[in-house]
Amino acid sequence: MGNISLLFGGVALFLNSLVLFGKVDVKSAGVSSLFTGLLQAFIATWLVVHASPAEVFGYAGIYLFAFTYLYVGVTFLFDLDGRGVGWFSLFVAVAALFYAGIGFGRADYVDGATWTFWAFLWALFFLGMGLGRPVDAVTSRVALVLSWLTLIVPAMVGMSGLATPLYTIIWWAASGTAIMYFGFTIWRHRLVEVTS
């Protein structure tokens, strides 16, 4: 069930990135975010209720996504001020860094890197929505890439049983490429801001 949560979270993030690109209507993406948040909250609750005490921490991380999507969905649908989502994203970014630290501490480097990517994305949401910084051009690209790199593809690979050492190598190569792309995007948009 966790992979189903990841898959639909990835689709919602993909649509939300397209909102920032101006390709998808805000209210349409709001419906997707709301349904995804409800689905993820249900899945997280189901998993937590049936989990051993050792598993609860991992499954509880799904709530970070669920409540983000619920909050975004309601904000989009009712045209609310997005600053609340932005400041909520600060909390989630800090929580994601904690999850990343646990992943690295357990020598699960893919998990640690994935949570670090998510912390970066939520920090961008905080900067854009919470503080009103002009980071949408960067946020849209990071969200688009991470929707596939950290959510959709891993969920599909996990559900199909194709997680192999080769997949892990490909994932790390794609992650390295993504980091270079993010760095270039940040540099390019800072350059545009300085010259304009």
Side-chain angles (χ1 to χ4, degrees), residues 1-2 4-46 48 59-99 114-153 155 178 181-182 185-186 188-190 192-194 196:
M1 288 183 82
I4 294 171
S5 175
L6 284 178
L7 179 64
F8 282 94
V11 173
L13 182 59
F14 174 64
L15 291 176
N16 290 340
S17 75
L18 295 180
V19 168
L20 294 172
F21 279 112
K23 302 292 185 186
V24 171
D25 174 68
V26 170
K27 291 197 174 184
S28 176
V31 171
S32 171
S33 289
L34 190 60
F35 285 152
T36 298
L38 290 170
L39 174 67
Q40 289 183 325
F42 170 78
I43 288 173
T45 302
W46 178 270
V48 166
Y59 292 145
I62 298 172
Y63 285 114
L64 298 173
F65 287 93
F67 286 108
T68 299
Y69 285 124
L70 288 170
Y71 205 165
V72 168
V74 170
T75 298
F76 280 3
L77 287 172
F78 295 99
D79 195 26
L80 302 177
D81 185 330
R83 285 178 291 185
V85 174
W87 284 94
F88 178 75
S89 295
L90 174 61
F91 154 72
V92 181
V94 172
L97 284 176
F98 184 78
Y99 273 88
T114 299
W115 277 105
T116 302
F117 276 135
W118 291 336
F120 176 57
L121 178 60
W122 270 304
L124 287 172
F125 287 138
F126 166 64
L127 289 174
M129 299 176 84
L131 299 181
R133 300 283 171 82
V135 295
D136 283 358
V138 174
T139 305
S140 59
R141 287 159 176 80
V142 172
L144 178 68
V145 170
L146 293 186
S147 68
W148 292 92
L149 177 67
T150 64
L151 295 163
I152 296 171
V153 172
Y181 174 66
F182 298 159
T185 301
I186 292 167
R188 185 171 66 119
H189 286 283
R190 277 192 76 192
V192 168
E193 288 173 17
V194 169
S196 61

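Computed from heavy atoms alone, side chains included, the values below leave out hydrogens, waters and symmetry copies. When a residue number appears, it is its place in the shown sequence, counting from 1.
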> Where does the angle between the aromatic ring planes of Phe126 and Trp87 fall among parallel (under 30°), tilted (30 to 60°) and perpendicular (over 60°)?
Replying inline: perpendicular
> Looking at residues at least two apart in the chain, or sitting in another chain, which of them share a salt bridge (charged side-chain N to carboxylate O under 4.0 Å, His left out) with Asp81?
Replying inline: Arg83
When rounded to the nearest 0.5 angstrom, what is the spacing between [atom1] in [X] and [atom2] in [Y]?
{"X": "Leu131", "Y": "Phe125", "atom1": "CG", "atom2": "CZ", "answer": "14.5 Å"}
{"X": "Leu80", "Y": "Tyr71", "atom1": "CG", "atom2": "OH", "answer": "8.0 Å"}
{"X": "Ser5", "Y": "Tyr59", "atom1": "OG", "atom2": "OH", "answer": "11.5 Å"}
{"X": "Arg133", "Y": "Leu124", "atom1": "CZ", "atom2": "CG", "answer": "12.0 Å"}
{"X": "Leu15", "Y": "Ser28", "atom1": "CG", "atom2": "OG", "answer": "7.0 Å"}
{"X": "Trp115", "Y": "Leu64", "atom1": "CH2", "atom2": "CG", "answer": "5.0 Å"}

>> Testing Phe117, Phe8, Trp118 one by one against Leu151 for a side chain to side chain contact (heavy atoms under 4.5 Å, CB included), which residue passes?
In response: Trp118
> Taking the six-membered ring for Trp, is the centroid-to-centroid distance between Trp122 and Phe65 below 6.0 Å?
Replying inline: yes
>> Show, in sequence, the C-alpha distance, side-chain angles and deciding distance for Tyr69 and Leu39, and conclude whether the side-chain contact (heavy atoms from CB on, under 4.5 Å) test is met.
In response: CA-CA 10 Å; Tyr69 285 124; Leu39 174 67; over 6 Å; no
> Taking it one step at a time, do Leu144 and Phe14 satisfy side-chain contact (heavy atoms from CB on, under 4.5 Å)?
Replying inline: CA-CA 5 Å; Leu144 178 68; Phe14 174 64; 3.2 Å; yes
> After noting the C-alpha distance and the side-chain angles of Thr45 and Tyr63, does the key distance pass the side chain to side chain donor-acceptor pair (under 3.5 Å) rule?
Replying inline: CA-CA 9 Å; Thr45 302; Tyr63 285 114; 2.7 Å; yes
Compare every heavy atom of [Y] with every heavy atom of [X], then report the nearest pair and how far apart it is.
{"X": "Ala123", "Y": "Ala93", "value": "N-CB, 3.9 Å"}
{"X": "Leu7", "Y": "Ala155", "value": "N-CB, 3.6 Å"}
{"X": "Ala137", "Y": "His189", "value": "CB-CE1, 3.3 Å"}
{"X": "Gly10", "Y": "Ser147", "value": "O-CB, 3.4 Å"}
{"X": "Asn16", "Y": "Ala29", "value": "OD1-CB, 3.5 Å"}

>> Can you tell me if Phe98 has over 12 outside heavy atoms packed within less than 6.0 Å of its CZ?
In response: no
Answer whether the closest heavy-atom distance between the side chains of [X] and [Y] falls below 4.5 Å.
{"X": "Thr114", "Y": "Tyr99", "value": "no"}
{"X": "Leu13", "Y": "Leu121", "value": "yes"}
{"X": "Gln40", "Y": "Phe67", "value": "no"}
{"X": "Phe182", "Y": "Val145", "value": "yes"}

>> Once side chain to side chain donor-acceptor pair (under 3.5 Å) is applied, do any residues pair with Ser17, and if so which ones, sequence neighbours excluded?
In response: none
>> Show, in sequence, the C-alpha distance, side-chain angles and deciding distance for Val11 and Thr36, and conclude whether the side-chain contact (heavy atoms from CB on, under 4.5 Å) test is met.
In response: CA-CA 9 Å; Val11 173; Thr36 298; over 6 Å; no
> Does the pair Phe120 and Thr116 meet the rule for a side-chain contact (heavy atoms from CB on, under 4.5 Å), with working shown?
Replying inline: CA-CA 6 Å; Phe120 176 57; Thr116 302; 5.9 Å; no
